[in-house]
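Proteins come first, then strands; the chains are lettered A, B, ... in the order of their sequence lines, and each starts at number 1.
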Number of protein chains: 2
Amino acid sequence: MKPVIIRSIAELRHEISTFRRSNNGHRTVGFVPTMGYLHDGHASLLRKSSADNGLTVLSIFVNPIQFAPGEDLDKYPRDEARDMKVAEESGADIVFIPTVQEMYPQKRVTTVAVAEVTELLCGASRPGHFDGVATVVTKLFNIVQPDRAYFGMKDAQQIAVVTRMVQDLNMPVEIVPCPILREEDGLAMSSRNVYLNALEREQALVLSQSLSRVAEWIRDGLTASQVIARLKESISRNPLADIDYVDVLAYPDLSRPDDRQSLAEMNVSLLFAVAVRFGKTRLIDNQLLNPAEVGADVCFAK
Amino acid sequence: MKPVIIRSIAELRHEISTFRRSNNGHRTVGFVPTMGYLHDGHASLLRKSSADNGLTVLSIFVNPIQFAPGEDLDKYPRDEARDMKVAEESGADIVFIPTVQEMYPQKRVTTVAVAEVTELLCGASRPGHFDGVATVVTKLFNIVQPDRAYFGMKDAQQIAVVTRMVQDLNMPVEIVPCPILREEDGLAMSSRNVYLNALEREQALVLSQSLSRVAEWIRDGLTASQVIARLKESISRNPLADIDYVDVLAYPDLSRPDDRQSLAEMNVSLLFAVAVRFGKTRLIDNQLLNPAEVGADVCFAK
């Protein structure tokens, strides 16, 4: 069924509350917040929400306050017709597409700020980014009041930030992390991939290829800084790759693992995260691994 | 009917959702957040909520993060038995009394910060205070999910901050400001009045007495700074009064009125706010007036 397009907050609230009342409060609302230009990663979130909930709301909003000056706010790709096709095929019931004016009708003086988990990775590279994310996600949660919200693990730090915010502020919503979707050749799906020219697109494969070797390096008994060095080395072999960061952190608290220990000895989820520029396009990718689960037994012989 | 005491967030959510379901979503929830040691000002909020809503939730929580070091967190007055009596007499259905551990079970890294309207008055005197207020009110709103929340106008700046936060973050709650309640002699009711000794209690009357002359000074054609000077002069005649601030601001945006104009010429709500220490006790009081509504016609002859 074709999803309904709604552009006003009041109308969206009305539509959702009608749904809830008509079902005596027993059916749930799933929410997939996006910036649009949907790819199959987004579609997978919608399919999951649609399977889990009675109503699935997709939001498409390129949120200006999470872009720093000089970032790609103005050229961020948009294609509403294409997005509606993906939304329909993936089970969205309502597509909420507010204007900037609808979301920020007056000067905003309130900010939701999350410390610590925002200090490294993209938080360090993009000052203010996660304040903008936390603030708009809070607004959208208050508008949609979903039971569950679905986020892709490509933005692993975003999930860590939102999850912590939900805990700290007792938001009545369950955050559902969903796996990264990749193109057939391994490139993590991203709306920003459209910026890449053919050569950049080819060289960008080095991200997933390098990350895919992490399990092997863990089995080799390397420490965090040694794996970081290997990742940097592997990525840098590629002449177009301009590294923003490469890091290894415990997940989801994003604390730094003890570098005196080989990673293989750790029984904790570890996030191997990279951000690399190809030309003007900044791509991120990551892999989440628990060393205790990657067959690391050999290295305990150290 | 005796209200139910609930100390856990999970139980409170369960109780409220049972209420909502049993009424098919049509009855509303009113919420009165307090720090306890209830007086008739709090009781008036509860009575109003009880008249307006199907369920009234009172919270009692002395929120540590809104107190600065050296403030009166440790000695803030508490009396649960007395509070329960007021709650019962005033129509509260549920009294939520969480521990600090229940509200802050792990290190909090998320803050809701409101700029601008927090920069003057109590926000200037009590750094971090309104971040603490905005954060705990957000948490409580997310826990209770009320349709309406009731606040007393004695904390006029708090209402301005919370109202702006609700707008900026699209919180699905209506903020209902309620009038200041006063003792027979005019002292604004406050849990902190219990700190005053007999002499301080007597001299504290200067606050309401001085504020009661504001309408007259407006009719006299004074500007904001002239009224501020009169208020300061009137309060300072009192030897125990140690002024923290005296100010006049447009309400609720708390912008500064143009001092080249007499207040009588302004058709805008003005907040006349004072904070004064008597001994170790800091009291606040205020009066909200629209000069166009105080019979200011004579002064236009200036």
Side-chain angles (χ1 to χ4, degrees), chain A residues 9-10 12-14 16-26 65 98 102-119 123 130-131 134-145 147 160-173 252-255, chain B residues 9-10 12-14 16-26 65 98 102-119 123 130-131 134-145 147 160-173 252-255:
Chain A
I9 292 170
L12 179 63
R13 285 193 201 277
H14 176 77
I16 293 172
S17 97
T18 302
F19 164 80
R20 287 207 187 266
R21 263 206 306 277
S22 70
N23 291 279
N24 206 11
H26 288 298
I65 69 167
E102 180 73 5
M103 288 295 283
Y104 302 108
Q106 64 181 347
K107 184 182 174 192
R108 178 187 58 91
V109 297
T110 308
T111 301
V112 181
V114 183
E116 296 192 4
V117 288
T118 56
E119 281 159 17
F130 284 115
D131 282 3
T135 303
V136 81
V137 169
T138 298
K139 286 168 67 70
L140 289 167
F141 283 179
N142 283 328
I143 293 166
V144 176
Q145 297 177 255
D147 298 277
V161 171
V162 170
T163 300
R164 189 61 187 263
M165 171 184 84
V166 164
Q167 289 170 8
D168 280 353
L169 297 181
N170 306 92
M171 293 179 174
V173 56
D253 69 321
L254 303 185
S255 62
Chain B
I9 293 169
L12 180 64
R13 285 193 201 277
H14 176 76
I16 293 171
S17 98
T18 302
F19 165 81
R20 286 208 186 267
R21 262 206 308 275
S22 71
N23 291 280
N24 208 10
H26 287 299
I65 69 167
E102 181 73 5
M103 289 295 282
Y104 302 108
Q106 63 181 347
K107 185 182 173 191
R108 178 186 59 90
V109 298
T110 309
T111 301
V112 180
V114 184
E116 295 191 6
V117 288
T118 56
E119 281 158 18
F130 284 116
D131 281 3
T135 303
V136 81
V137 169
T138 298
K139 287 168 67 72
L140 289 167
F141 283 180
N142 283 328
I143 292 167
V144 176
Q145 296 177 257
D147 298 279
V161 170
V162 170
T163 300
R164 189 61 187 265
M165 171 184 84
V166 163
Q167 289 170 9
D168 279 354
L169 297 182
N170 306 93
M171 292 180 175
V173 58
D253 69 322
L254 303 186
S255 60

In chain order, what residues pass the side-chain hydrogen bond (donor to acceptor under 3.5 Å, both in side chains) check against A:Thr110, with sequence neighbours excluded?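 So A:Thr110 forms a side-chain hydrogen bond (donor to acceptor under 3.5 Å, both in side chains) with B:Asp168.
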Partner residues of B:Glu102 under the salt bridge (charged side-chain N to carboxylate O under 4.0 Å, His left out) criterion, sequence neighbours left out: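 Residues passing salt bridge (charged side-chain N to carboxylate O under 4.0 Å, His left out) with B:Glu102: none at all.
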Counting distance only, does the side-chain N/O of B:Asn170 pair as donor-acceptor with the main-chain N or O of A:Asn142 below 3.5 Å?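 Checked: no pair found.
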Does B:Thr163 reach the main-chain N or O of B:Ala160 with its side chain, forming a donor-acceptor pair under 3.5 Å?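 Flag not set: sc B:Thr163 to bb B:Ala160 has no pair under 3.5 Å.
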What part of A:Ser17 gets within 4.5 angstrom of chain B, counting heavy atoms only: side chain, backbone, both, or neither?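 Neither part, no heavy atoms under 4.5 Å.
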Measure A:Ile9 against the heavy atoms of chain B and call it side chain, backbone, both or neither at under 4.5 Å.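 Contact with chain B involves the side chain of A:Ile9 alone.
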Sort out for me which of B:Val117, B:Asp131, B:Ile143, B:Thr138 touches chain A most, counting heavy-atom pairs under 4.5 Å.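 With the most close heavy-atom pairs to chain A, the winner is B:Ile143.
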Out of B:Thr118, B:Leu140, B:Val112, B:Val161, return the one with the most heavy atom pairs under 4.5 angstrom to chain A.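 Max contact count across the listed options: B:Val112.
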Any Lys/Arg nitrogen of B:Asp147 or B:Arg20 sitting under 4.0 Å from an Asp/Glu carboxylate oxygen of the other?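 So B:Asp147 pairs with B:Arg20 through a salt bridge.
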Choice from A:Met165, A:Arg164, A:Glu116 maximising heavy atom contacts with chain B below 4.5 Å: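 Most pairs with chain B among the choices: A:Arg164.
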